[in-house]
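Just follow the structure's listing: the first ligand is 1, and inside any ligand the first atom is 1.
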Amino acid sequence: MKNISTVHDCYGCGVCATVCAHKAINIGLNSEGFYEPSVPDLSACTDCGLCREVCAYLHDELSQQNPVIGSYAVWSRDSRVRRKCSSGGVGFELGKLLLSKGYKVCGVRYNAELSRAEHYVAATKEELVASIGSKYIQSYTVDGFRAIDRKQCYLVTGTPCQIDSFRRYARRFRMEDRFVFMDFFCHGVPSMWLWKKYLQEVEKTTGKVCYASWRNKTTGWHDSWSMGIGGAEEKVNWHDSYHLLIRGKKTSYASRFSRGDSFFTLFLSDTCLGRACYEHCKYKLACSAADIRIGDLWGSAYAEDEDGVSAVLTFTPKGEELLKSCDCERVAHPLEVVVEGQMESSPRKPPIRGRLLSLLRNENVPIAQAIRVYKQYRYLKLACQGLRHPGKMARKVMSKLKR
Ligand SMILES: Cc1cc2nc3c(=O)[nH]c(=O)nc-3n(C[C@H](O)[C@H](O)[C@H](O)COP(=O)(O)OP(=O)(O)OC[C@H]3O[C@@H](n4cnc5c(N)ncnc54)[C@H](O)[C@@H]3O)c2cc1C
């Protein structure tokens with residue numbers, strides 16, 4: 001059959017399900033905790049092949065790969081926007097600009113009821129606010145992508161692989177001209193088993209989580225890997241997230257990477273990313289199918305800046321013009337300055353990944369056990385560094401950790 005049913009461990013971008021007129025494709029979590037398509041009833045499939053045509057995972061070439069036109073450091077002129085956004089707030093400012101031009105924005109919000117990040121369509125500035133801030137989990141795209149009216153104009157934002165597939169879809173239905181595509185430098189997405197396990201532990205303190213944010217600049221942008229979580233009785237809105245850390249009520253929870261937060265410890269260690277993030281990512285540095293790419297400018301040029309600076313690359317005249325018109329300060333830098341600190345290639349899949357994912361999936365295991373396994377692995381890796389032959393002992397411990 002010409003459908004997607006044989007594809008596993010892909011990007012989980014959901015564009016195949018979006019394009020299927022017969023709704024034959026389901027997007028659900030696989031055994032490792034990543035979104036993946038399936039075709040539950042093969043008789044619903046008409047073999048049109050569209051799902052494979054729009055799938056970026058099945059194509060070696062990007063749907064579009066232009067050379068970089070401009071590379072910049074950018075930040076919002078509105079200090080409140082800059083403070084709330086993950087880096088300099090350029091993503092929000094571009095969305096605001098396009099809304100004022102009659103576009104809609106398809107971005108990502110956190111759905112606390114379903115405990116997931118999801119794409120949605122914002123038609124007003126107020127609706128756009130929920131897209132502020134990176135949600136460092138894989139987003140469920142299907143409802144948001146399906147809500148896009150093919151006759152209207154949109155800014156679509158997402159991971160580079162989501163955008164690559166979506167451009168194929170837009171091209172196939174001759175709507176590319178009405179779309180602007182924005183992606184980001186992408187580290188990879190962690191397993192949803194990590195997120196669910198983390199919530200399970202946090203909810204012991206807060207009750208049902210009704211709000212979550214992943215970044216907070218209270219102690220500065222360079223220390224902003226910080227979870228802020230509001231429980232059932234905590235009335236938090238997106239404008240209020242900043243104060244969660246200092247309120248310290250029983251119904252709220254705050255924890256930073258620099259103080260050992262377990263979500264960030266595992267996410268940033270690259271030990272539980274998607275298979276495709278290790279083995280199939282074509283999108284590092286300046287490889288992008290978008291009009292514009294954003295991220296954190298982590299390099300030495302802004303090492304002293306604690307308000308947040310976005311790294312921005314433009315690939316098309318459309319992206320370049322929009323960046324010039326949005327309400328942001330913009331400083332041109334050579335490409336190597338803007339991409340300094342970004343991953344140049346995909347991380348290697350670590351041998352303990354399978355073990356970690358099964359611990360995270362098991363409801364009866366505390367997250368501390370997974371952290372312990374990761375720390376033992378890190379210790380062993382450090383101990384073996386520089387040794388040509390890691391030795392019998394190291395091999396023995398490693399094989400124990402994998403089990
Ligand atoms: C999983 C993930 C990995 C990332 N890895 C890197 C990295 O390695 N290096 C780097 O410099 N930057 C990375 N970023 C991007 C970075 O965190 C900021 O989003 C970026 O600096 C833009 O910040 P901002 O201040 O302009 O706006 P923000 O307000 O932070 O903009 C966030 C934008 O990202 C979109 N978004 C949020 N969560 C998701 C999601 N889960 N999936 C898809 N889209 C989402 C929103 O719709 C919005 O458009 C990553 C983001 C995510 C979600």
Side-chain angles (χ1 to χ4, degrees), residues 11-14 34-35 72-76 78 80-96 98 105-111 116-122 127-141 144-145 154-163 166 180-192 194-195 212-217 221 224-225 238 241 263-264 267-268 270 273-274 277 281 283-285 290 292-299 302 307-313 323 326 328 338-347:
Y11 303 137
C13 69
F34 297 92
Y35 291 116
Y72 305 96
V74 183
W75 57 92
S76 170
D78 183 336
R80 290 165 310 166
V81 171
R82 195 175 178 192
R83 194 177 67 168
K84 272 179 282 187
C85 290
S86 302
S87 54
V90 64
F92 184 74
E93 291 298 350
L94 284 166
K96 229 174 67 186
L98 283 162
V105 180
C106 184
V108 174
R109 67 182 169 200
Y110 184 65
N111 181 332
R116 72 182 189 194
E118 60 185 24
H119 272 76
Y120 77 109
V121 172
E127 287 171 0
L128 185 64
V129 170
S131 77
I132 284 181
S134 297
K135 292 89 191 165
Y136 291 111
I137 49 177
Q138 196 177 18
S139 74
Y140 177 81
T141 60
F145 284 175
Y154 288 86
L155 165 68
V156 183
T157 72
T159 61
C161 48
Q162 289 169 342
I163 294 301
F166 201 96
V180 177
F181 294 108
M182 179 171 79
D183 68 8
F184 42 78
F185 294 96
C186 185
H187 183 101
V189 287
S191 166
M192 284 297 281
L194 168 60
W195 180 239
S213 82
W214 280 254
R215 296 282 290 269
N216 188 304
K217 295 178 185 164
W221 172 48
S224 61
W225 306 99
W238 287 93
S241 67
F263 174 81
F264 277 121
F267 170 46
L268 295 175
D270 299 333
L273 303 178
C277 305
C281 179
Y283 308 103
K284 291 291 188 260
L285 291 182
I292 190 159
R293 168 165 284 184
I294 63 175
D296 291 87
L297 209 161
W298 288 132
Y302 293 89
D307 296 326
V309 179
S310 295
V312 180
L313 304 181
L323 184 67
C326 77
C328 285
V338 172
V339 302
E340 190 188 337
Q342 297 296 344
M343 289 167 112
E344 291 180 19
S345 56
S346 304

Please identify each residue that fulfils salt bridge (charged side-chain N to carboxylate O under 4.0 Å, His left out) with Asp270, with sequence neighbours left out. none
Please produce the table of protein N or O atoms sitting under 3.5 Å from N or O atoms belonging to ligand 1, one pair a line, distance to 0.1 Å.
unit_1, atom_1, unit_2, atom_2, d
ligand 1, 5 (N), Phe185, O, 3.1
ligand 1, 5 (N), His187, N, 3.0
ligand 1, 8 (O), His187, N, 3.2
ligand 1, 9 (N), Phe185, O, 3.4
ligand 1, 9 (N), Gln342, OE1, 2.9
ligand 1, 11 (O), Asp296, N, 2.7
ligand 1, 11 (O), Gln342, OE1, 3.4
ligand 1, 11 (O), Gln342, NE2, 2.8
ligand 1, 12 (N), Phe185, O, 3.3
ligand 1, 14 (N), Phe185, O, 3.4
ligand 1, 17 (O), Ser134, OG, 2.6
ligand 1, 17 (O), Tyr136, OH, 2.6
ligand 1, 19 (O), Ser134, OG, 2.6
ligand 1, 21 (O), Ser87, OG, 2.8
ligand 1, 21 (O), Gly295, O, 3.2
ligand 1, 21 (O), Asp296, N, 3.3
ligand 1, 21 (O), Asp296, OD1, 3.3
ligand 1, 23 (O), Ser87, OG, 3.0
ligand 1, 25 (O), Ser86, N, 3.3
ligand 1, 25 (O), Ser87, N, 2.8
ligand 1, 25 (O), Ser87, OG, 3.2
ligand 1, 25 (O), Gly88, N, 3.4
ligand 1, 25 (O), Gly89, N, 2.8
ligand 1, 26 (O), Val90, N, 3.2
ligand 1, 26 (O), Gly91, N, 3.0
ligand 1, 29 (O), Gly133, N, 2.7
ligand 1, 30 (O), Ser86, N, 3.3
ligand 1, 30 (O), Ser86, OG, 2.7
ligand 1, 38 (N), Lys135, N, 3.0
ligand 1, 41 (N), Lys135, O, 2.7
ligand 1, 41 (N), Ile137, O, 2.8
ligand 1, 47 (O), Val108, N, 2.8
ligand 1, 47 (O), Thr157, OG1, 3.2
ligand 1, 49 (O), Thr157, OG1, 3.4

Just by distance, do the side chain of Lys217 and the backbone of Arg82 share a donor-acceptor pair under 3.5 Å? yes
Would you mind telling me which of Thr157, Ile163, Val312 makes a side-chain contact (heavy atoms from CB on, under 4.5 Å) with Met182? Thr157
I'd like to know if the side chain of Thr141 pairs up with that of His119 as donor and acceptor (distance under 3.5 Å, no hydrogens or angles considered). no
Are the side chain of Gln342 and the backbone N or O of Val339 linked by a donor-acceptor pair below 3.5 Å? no
Tell me whether Asp78 is salt-bridged to Lys96, with the criterion being a basic N under 4.0 Å from an acidic carboxylate O. no
